[in-house]
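Note that the coordinates shown come from a computational prediction; the quantities given were computed from them, not determined experimentally.
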Amino acid sequence: LFEWPSPPGDIPEWALEEASPWRNLDDFDLLVLAEEKCGRVVELKHVPLPGALWGLHVARGSRARIYVNRRLPQIWRRFSLFHELYHLLNHKKGEAFWSGTATPMSSFEHQADMFAWAAIREEWAEGVL
């Protein structure tokens, strides 16, 4: 059902720097920091999602919710959380806006993946999760 990506050979310096304050935080502390950064009340829900959908986020007004597929192993739930968190913090105008720009959506997905890899790299290397 799921295909597990291999870690990238190199993680860009920008991703390592942006992910630094997020590393090794538990879910509660992640949400507190996310709320500070985006100015919204952020909720995290682990739910069964269809097919190979790892996660998604919804933001409206002063609230945001990140949904992570609970069928994923723990390390990939963390990856998905950080991936969606990056979108929430950096791609605030939504897919409809960004798909109308000259920048391909794959670029935004790649950025979110690099941030997620940077955020979990220590946990991945240590096999913590």
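With rounding to the nearest 0.5 Å, the separation of CG in L33 from CH2 in W22 is 3.5 Å. Atoms CG and CG, on L44 and L31 in that order, are 5.5 Å from each other to the nearest 0.5 Å. Atom CG of L72 and atom CZ of F79 lie 10.5 Å apart (nearest 0.5 Å). Once rounded to the nearest 0.5 Å, the distance linking CH2 of W54 with CH2 of W76 reads 5.0 Å. How far CD1 of I66 is from CG of L81: 5.5 Å, rounded to the nearest 0.5 Å.
I120 and M114 fall within the same hydrophobic cluster, defined by Ile, Leu, Val, Met, Phe, Trp and Tyr side-chain heavy atoms under 4.5 Å apart, directly or through other members. No single ILVMFWY cluster, assembled from side-chain heavy atoms under 4.5 Å apart, contains both L30 and V41.
Closest approach of A59 to L88, counting heavy atoms only: CB-CD1, 4.0 Å. Across all non-hydrogen atoms, the minimal contact from A19 to A119 is CB-N, 3.6 Å. Nearest approach of L89 to A34, heavy atoms of both residues: CD2-O, 4.2 Å.
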Validation: residues 9-18 side-chain donor-acceptor distances under 3.5 Å, sequence neighbours left out:
none

Run the side-chain contact (heavy atoms from CB on, under 4.5 Å) test on L85 and K37 for me, step by step, so that the C-alpha distance in whole Å, both residues' side-chain angles and the decisive distance to 0.1 Å come before the verdict. CA-CA 10 Å; L85 185 63; K37 298 283 186 187; over 6 Å; no
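In this structure, R23 contributes its side chain and A118 its backbone to a donor-acceptor pair below 3.5 Å.
R121 is linked by a side-chain hydrogen bond (donor to acceptor under 3.5 Å, both in side chains) to nothing, counting only residues two or more places apart in sequence or in another chain. Looking at residues two or more places apart in sequence or on another chain, you find a side-chain contact (heavy atoms from CB on, under 4.5 Å) between L53 and L49, P50, L56. Applying the salt bridge (charged side-chain N to carboxylate O under 4.0 Å, His left out) criterion to R63, with sequence neighbours excluded, gives E43. Considering only residues two or more places apart in sequence or on other chains, E35 meets the side-chain hydrogen bond (donor to acceptor under 3.5 Å, both in side chains) condition with none of them. With sequence neighbours excluded, the residues that form a side-chain hydrogen bond (donor to acceptor under 3.5 Å, both in side chains) with H57 are E84. Contacts of R77 classified as salt bridge (charged side-chain N to carboxylate O under 4.0 Å, His left out), with partners at least two apart in sequence or in another chain: none. N24 meets the side-chain hydrogen bond (donor to acceptor under 3.5 Å, both in side chains) test with E122; sequence neighbours excluded. With sequence neighbours excluded, the residues that form a side-chain contact (heavy atoms from CB on, under 4.5 Å) with A112 are H83, Y86, H87. Considering only residues two or more places apart in sequence or on other chains, D27 meets the salt bridge (charged side-chain N to carboxylate O under 4.0 Å, His left out) condition with R78.
A ring-centre distance under 6.0 Å is not found for F82 and W117.
Residues F28 make up the rest of the hydrophobic cluster containing V32, defined by ILVMFWY side-chain heavy atoms closer than 4.5 Å, directly or through other members.
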